[in-house]
Amino acid sequence: MDLKDDKAVLNGVCWRGKAAGLSFKPEDGLEVIVTGKISTYPGRSNYQIIIDHMEPAGEGALMALLEKRKKQMAAEGLFAAERKQPLPFMPQVIGVVTSPTGSVIRDILHRISERFPVHVLVWPVRLQGEGAAEEVAAAVNGFNVLPDHLPTPDVLIVARGGGSLEDLWAFNEEVSVRAVANSALPVISAVGHETDTTLIDYVSDKR
């Protein structure tokens with residue numbers, strides 16, 4: 001990648017092992033703070049930075065990217081009320097997209113068993129970091145095309161606990177948001193605390 005300010009450009013590289021630990025997906029135009037080691041690249045006789053850590057330059061940078069993406073999707077009609085599907089009154093099977101080890105799935109299973117015992121299918125995913133958005137998208141898409149020998153959910157729940165804007169960023173990535181928007185199965189968003197809002201909240205059928 002190229003890192004640039006208003007006066008200079010510095011070549012940068014972030015190897016796969018480090019990139020996998022990033023809490024967000026770098027995009028063109030995003031303001032970032034990086035730390036790493038300066039090295040030379042003999043092939044072109046120039047300097048580059050080997051990036052060990054990268055973070056957005058404050059939540060303001062991510063918020064600006066979020067607002068841009070939100071406006072784009074709103075213009076496409078992805079948030080329109082007429083796109084919302086009704087939730088089934090008496091679901092027989094509920095599909096849950098979340099981590100299989102966190103407190104969230106325990107809470108969901110406890111509430112369901114206590115109030116309305118039904119069959120629950122859990123599709124395990126990572127909820128933050130590199131690849132998390134793709135895993136959430138794959139789970140939503142996968143539930144929509146389950147083979148005939150498996151019960152098809154009547155409704156999906158996409159869930160994770162609260163966190164910072166960076167922690168919840170997988171639910172603002174286009175790949176996961178569009179998967180929820182395009183789901184033929186109705187989707188409930190249960191991401192973050194009540195005060196947290198992600199783009200999946202806007203495209204889901206119920207928040």
Using side-chain heavy atoms (C-beta onward) and a distance below 4.5 Å, is V96 in contact with L121? no

Ion pair present between E130 and R16, side-chain N to carboxylate O less than 4.0 angstrom? no

Taking all heavy atoms of A139 and all of V97, pick out the closest pair and write down the distance. CB-CG1, 3.7 Å

V34 side chain reached by H53 side chain, heavy atoms, under 4.5 Å: no

Determine whether L65 and E27 make a side-chain contact, defined as any pair of heavy atoms from C-beta on separated by less than 4.5 Å. yes

What I'd like to find out is whether the side chain of P124 reaches to under 4.5 Å of the side chain of S99, using heavy atoms alone. no

Between S189 and D201: side-chain donor-acceptor atoms closer than 3.5 Å: yes

If I compare all heavy atoms of K84 with all of S204, which pair ends up nearest, and what's the gap? NZ-O, 2.6 Å

CE of M1 to CD1 of I49: how many Å apart, nearest 0.5 Å? 9.5 Å

Give a yes or no on whether V122 and V125 share a hydrophobic cluster (residues Ile, Leu, Val, Met, Phe, Trp, Tyr; joining criterion: side-chain heavy atoms under 4.5 Å apart). no

Would a single hydrophobic cluster contain both I157 and L109, if residues Ile, Leu, Val, Met, Phe, Trp and Tyr are joined by side-chain heavy-atom contacts under 4.5 Å? yes

Exam field: side chain K70 to backbone L199, donor-acceptor pair closer than 3.5 Å: no

If every non-hydrogen atom of L146 is compared with every non-hydrogen atom of P151, which pair is closest and at what distance? CD1-O, 3.5 Å

Beyond-backbone contact of V158 with I188, side-chain heavy atoms, under 4.5 angstrom: no

Whether the side chain of E135 engages the backbone of R126 through a donor-acceptor N/O pair (distance < 3.5 Å, no angle test) should be reported. yes

Should V175 and L165 be counted in the same cluster of Ile, Leu, Val, Met, Phe, Trp and Tyr side chains packed under 4.5 Å apart? no

Between the CG atom in D2 and the CD atom in Q48, the distance rounded to the nearest 0.5 Å is 11.0 Å

To the nearest 0.5 Å, what is the distance between OG on S176 and CG on N141? 10.5 Å

V187 versus V180, closest heavy-atom pair with distance: CG1-CG1, 3.9 Å

Would you say that more than 12 heavy atoms from the other residues, nucleotides or ligands in this model lie under 6.0 Å from the CD of E194, or not? no

Residues two or more places apart in sequence or in another chain: which of them pass side-chain hydrogen bond (donor to acceptor under 3.5 Å, both in side chains) with D196? none

If only side-chain N and O atoms count, and only distance matters, is there a donor-acceptor pair under 3.5 Å linking N144 with S183? yes

Does one hydrophobic cluster hold both I51 and L10, with members joined at side-chain heavy-atom distances below 4.5 Å? yes

CD1-CD distance between I33 and E31, expressed to the nearest 0.5 angstrom: 7.5 Å

For residues 115-166, the ring-ring contact (aromatic ring centres under 6.0 Å, His included) pairs (sequence neighbours left out) are W123-F143

Given 3.5 Å as the limit, does a donor-acceptor pair link the side chain of D154 with the main chain of P88, or not? no

Please check: side-chain N/O of R160 versus main-chain N/O of D167, any donor-acceptor pairing under 3.5 Å? yes

How about V93 and V118: do any of their side-chain heavy atoms sit closer than 4.5 Å? no

Taking every heavy atom of V9 against every heavy atom of K4, the minimum-distance pair comes out as CG2-CB, 3.8 Å

Is it possible for you to say whether I38 and V13 belong to one hydrophobic cluster, with membership spreading through side-chain heavy-atom contacts below 4.5 Å? no

Is the shortest heavy-atom distance from the side chain of N11 to the side chain of N46 under 4.5 Å? yes

Testing the basics here: between L78 and R178, what is the closest heavy-atom pair and its distance to 0.1 Å? CD1-NH1, 3.6 Å

Is a side-chain N or O of T98 found less than 3.5 angstrom from the main chain of A159, in a donor-acceptor match? yes

V136 vs F171, side chain to side chain contact (heavy atoms under 4.5 Å, CB included): CA-CA, chis, key distance, verdict: CA-CA 8 Å; V136 171; F171 303 91; 4.1 Å; yes

Side chain to side chain contact (heavy atoms under 4.5 Å, CB included), that's the test. Do E166 and Q128 meet it? Break it down for me. CA-CA 8 Å; E166 287 182 44; Q128 67 187 78; over 6 Å; no

Side chain to side chain contact (heavy atoms under 4.5 Å, CB included), that's the test. Do M63 and L66 meet it? Break it down for me. CA-CA 5 Å; M63 285 299 295; L66 180 60; 4.2 Å; yes

Side chains of K18 and M54, heavy atoms from C-beta outward: is any pair under 4.5 Å? no

Which residue pairs pass the ring-ring contact (aromatic ring centres under 6.0 Å, His included) test with at least one member in residues 177-207, sequence neighbours excluded? F79-Y202

Output, in order, the C-alpha distance, side-chain angles, deciding distance and verdict of side chain to side chain contact (heavy atoms under 4.5 Å, CB included) for I112 and V120. CA-CA 9 Å; I112 288 174; V120 177; 3.8 Å; yes

Are there more than 12 heavy atoms of other residues, nucleotides or ligands under 6.0 Å from atom NZ of K68? no

Return yes if some donor-acceptor pair links the side-chain N/O of R69 with the main-chain N/O of N172 below 3.5 Å, else return no. yes

